[in-house]
Amino acid sequence: MDLGLKGKVALITGGSKGIGLETALQLAYEGVKVSICARNEKHLEASANFIRKETGTEVLPIQADVTKQEDCKRIVKQTVKHFGKLDILVNNAGTSSAAPFEHVEPKSWQQDLDLKLFGAIHCSRQAVPYMKKSGGSIINVTAAIGKTPPESSLPTSVSRAAGLALTKAMSKDLGEDNIRVNTVCIGLIRSHQIEKRWKREAPELNWEQYEKDPRHQIPLGRIGKAEEAAKVITFLVSEAASYVTGTAVNIDGGKSGVL
Ligand SMILES: NC(=O)c1ccc[n+]([C@@H]2O[C@H](COP(=O)([O-])OP(=O)(O)OC[C@H]3O[C@@H](n4cnc5c(N)ncnc54)[C@H](OP(=O)(O)O)[C@@H]3O)[C@@H](O)[C@H]2O)c1
């Protein structure tokens, strides 16, 4: 199937590791020119070189912190200046933060919302005017726990629930400009975040044991791979999904209790 992505330009926030890096790689394989951002410049440069070497595609790495509004503006502007347009935005930057209510300090609420909600809002706000010219596609990477928050999932499940509402409202608002907005709700996908969790929760297990640990309660019986999330994102931003907007797709091996 031709995904119709050749020649498009994408910006992926948090594109230096995990799901973001794998998404940039998959898009680059499809002939998309990619701009990636993250805070750590060394990782960012290494990831950009890796994508170039693997795919032969042009990659623009931009050091940025998406909790800063001015950085969101800069990454969009630099991407458009370098590539001449912007067709795809993947709001992926994020970290893990989950605790019971009384353990969450006020500043942690603010930091989580700044990163996961306002980062997506500010980047999208900058990107939309460029997408209005010829249509575009935005993916907000959220989490399945935004739909079914467990007791110790704060503040992240709240930030993610807001990301779901943001996705739906934006999709309705921007449909007339042919800008599609969807979200992917991640369950457990192997990445930097999850590897830290593995070392913390079960250092006595090797990865093969940990990923299949029944305590995760994943119907497909294992933690997912970043590539498996990236391929769904690539499909959703492609022409193959041209009539899909305002949708939330669980990428969780069936773990979530809701559709
Ligand atoms: N993996 C999972 O199971 C899982 C589950 C639910 C939701 N998610 C969500 O999926 C997304 C990707 O997660 P992942 O597991 O692939 O994470 P990861 O491997 O830890 O990668 C996170 C990426 O985001 C960047 N980043 C973090 N804070 C940033 C900031 N303030 N500004 C710019 N970039 C920033 C990181 O680079 P720097 O640190 O250098 O900035 C890195 O490139 C996140 O939004 C995460 O919350 C993941």
Side-chain angles (χ1 to χ4, degrees), residues 11-26 34-48 50-51 59 61-76 89-98 110-123 139-150 153 155-164 166-167 183-199 201 210-211 216 218 222-230 232-233 248-253 255-256:
L11 166 61
I12 299 107
T13 70
S16 67
K17 290 185 210 152
I19 296 167
L21 170 57
E22 197 58 48
T23 299
L25 188 65
Q26 294 299 325
V34 293
S35 176
I36 55 173
C37 84
R39 292 163 305 174
N40 183 307
E41 204 156 13
K42 210 170 108 204
H43 283 150
L44 191 65
E45 289 294 340
S47 299
F50 172 69
I51 300 167
V59 185
I62 313 172
Q63 192 278 333
D65 180 344
V66 298
T67 64
K68 298 180 181 159
Q69 207 173 323
E70 63 274 18
D71 281 18
C72 296
K73 188 171 181 182
R74 182 170 53 81
I75 55 178
V76 170
L89 169 65
V90 183
N91 288 310
N92 163 78
T95 52
S96 128
S97 55
Q110 192 61 56
Q111 281 166 351
D112 205 64
L113 284 162
D114 282 346
L115 175 58
K116 294 172 185 168
L117 179 63
F118 288 105
I121 290 172
H122 295 315
C123 289
I139 294 287
N140 294 321
V141 176
T142 61
I145 59 168
K147 297 178 181 177
T148 54
S153 63
T156 199
S157 57
V158 172
S159 306
R160 294 326 195 169
L164 290 167
L166 175 72
T167 302
T183 178
V184 290
C185 302
I186 308 293
L188 283 175
I189 292 286
R190 184 174 186 173
S191 71
H192 181 65
Q193 286 187 28
I194 296 302
E195 289 188 1
K196 278 206 306 207
R197 181 169 155 180
W198 159 38
K199 303 285 182 206
E201 272 181 0
Y210 182 71
E211 73 165 346
H216 300 312
I218 301 173
R222 62 174 175 83
I223 288 174
K225 300 179 174 68
E227 183 186 335
E228 293 175 300
V232 178
I233 295 170
V249 178
N250 293 345
I251 308 178
D252 67 351
K255 182 176 166 67
S256 176

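All figures in this text were calculated on a predicted structure; none of them were measured in a lab. For ligands, and for the atoms within them, numbers begin at 1 and follow the listed sequence. Just so you know, residue 1 is the first one in the sequence shown, and it goes up from there.
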task: Could you tell me whether a side-chain N or O of Asp252 sits under 3.5 Å from a main-chain N or O of Ile186, the two making a donor and an acceptor?
output: no
message: Check whether Lys116 reaches the backbone of Gly163 with its side chain - one donor and one acceptor, N or O, closer than 3.5 Å.
response: no
message: Holding to side chain to side chain contact (heavy atoms under 4.5 Å, CB included), I want the full list of residues that pass it with Lys147, two or more places apart in sequence or in another chain.
response: Leu164, Cys185, Ala248, Asn250, Val258
Any residue meeting side chain to side chain contact (heavy atoms under 4.5 Å, CB included) with Ala64, in chain and number order, not counting sequence neighbours: Cys37, Asp71, Arg74, Ile75
message: So, using side chain to side chain contact (heavy atoms under 4.5 Å, CB included) as the criterion, who are the partners of Val232 when residues are at least two apart?
response: Val184, Leu236, Val249, Ile251
query: Any sub-3.5 Å donor-acceptor pair from Ser191's side-chain atoms to Ile19's backbone N or O?
result: no
Pairs under 3.5 Å, N/O atoms on ligand 1 and on the protein: can you put them in a table with the distances?
unit_1: ligand 1; atom_1: 1 (N); unit_2: Ile189; atom_2: O; d: 3.0
unit_1: ligand 1; atom_1: 1 (N); unit_2: Ser191; atom_2: OG; d: 3.3
unit_1: ligand 1; atom_1: 3 (O); unit_2: Gly187; atom_2: O; d: 3.3
unit_1: ligand 1; atom_1: 3 (O); unit_2: Ile189; atom_2: N; d: 2.8
unit_1: ligand 1; atom_1: 3 (O); unit_2: Ile189; atom_2: O; d: 3.4
unit_1: ligand 1; atom_1: 13 (O); unit_2: Gln193; atom_2: NE2; d: 3.4
unit_1: ligand 1; atom_1: 15 (O); unit_2: Ser191; atom_2: OG; d: 2.5
unit_1: ligand 1; atom_1: 16 (O); unit_2: Ile19; atom_2: N; d: 2.8
unit_1: ligand 1; atom_1: 17 (O); unit_2: Gln193; atom_2: NE2; d: 3.3
unit_1: ligand 1; atom_1: 19 (O); unit_2: His192; atom_2: N; d: 3.3
unit_1: ligand 1; atom_1: 28 (N); unit_2: Arg39; atom_2: NH2; d: 3.3
unit_1: ligand 1; atom_1: 31 (N); unit_2: Asp65; atom_2: OD1; d: 2.9
unit_1: ligand 1; atom_1: 32 (N); unit_2: Val66; atom_2: N; d: 3.0
unit_1: ligand 1; atom_1: 39 (O); unit_2: Arg39; atom_2: NH2; d: 2.9
unit_1: ligand 1; atom_1: 40 (O); unit_2: Arg39; atom_2: N; d: 3.4
unit_1: ligand 1; atom_1: 40 (O); unit_2: Asn40; atom_2: N; d: 2.9
unit_1: ligand 1; atom_1: 41 (O); unit_2: Arg39; atom_2: N; d: 2.8
unit_1: ligand 1; atom_1: 41 (O); unit_2: Arg39; atom_2: NE; d: 2.7
unit_1: ligand 1; atom_1: 41 (O); unit_2: Arg39; atom_2: NH2; d: 3.4
unit_1: ligand 1; atom_1: 43 (O); unit_2: Gly14; atom_2: O; d: 3.3
unit_1: ligand 1; atom_1: 43 (O); unit_2: Ser16; atom_2: N; d: 3.4
unit_1: ligand 1; atom_1: 43 (O); unit_2: Ser16; atom_2: OG; d: 2.7
unit_1: ligand 1; atom_1: 43 (O); unit_2: Lys17; atom_2: N; d: 3.4
unit_1: ligand 1; atom_1: 45 (O); unit_2: Asn92; atom_2: O; d: 2.7
unit_1: ligand 1; atom_1: 45 (O); unit_2: Arg160; atom_2: NH2; d: 2.8
unit_1: ligand 1; atom_1: 47 (O); unit_2: Arg160; atom_2: NH2; d: 2.7
unit_1: ligand 1; atom_1: 47 (O); unit_2: Gln193; atom_2: NE2; d: 3.4

